[in-house]
Amino acid sequence: MLTTTMKAGTDHSGDLKAAMPDHHANQRTDQIRKLVDGGRLQPMKPDAQQYSIGFSDNMLLRGLVRALTDEGCMPPALVAPPA
C-alpha cells in the first residue's frame with residue numbers, strides 16, 4: 001500500500017484496492033487505519049479518505065534515507081561513516 005501511495009503521491013481509500021486485491025473493503029480500512037495510527041500514512045485533511053505518505057514514522061524515514069544513500073543521492077557530508 002505504501003508503494004502505491006508513493007508512486008501516486010496521494011491515494012483515496014478506494015485506489016488502494018489494487019494494492020490489496022484479496023482484501024474486502026473493511027479489511028483495507030483496517031489496514032489504512034493501522035498505517036495512519038503508525039504515522040506511515042496521513043490523511044490530506046482531518047477525516048478525509050485521501051492519504052499521502054507520512055514521514056513521522058522514524059523507520060520509514062530511515063528506510064528512505066538508506067535507499068537514497070545506497071543510490072548515491074545523498075551528499076557525502078550527510079552520510080554517516082560506517083560503524
- Using a strict cut-off of less than 4.0 Å between a Lys/Arg side-chain nitrogen and an Asp/Glu carboxylate oxygen, indicate whether Lys34 and Asp37 qualify as a salt bridge. no
- So, for Arg28 and His23, which heavy atoms are closest and what is the spacing to 0.1 Å? NH1-O, 2.7 Å
- Query: In Å, rounded to the nearest 0.5 Å, how long is the span from CD of Gln42 to CG of Leu35?
  - Reply: 12.5 Å
- Query: Taking only residues two or more places apart in sequence or in another chain, which ones pass salt bridge (charged side-chain N to carboxylate O under 4.0 Å, His left out) with Arg66?
  - Reply: none
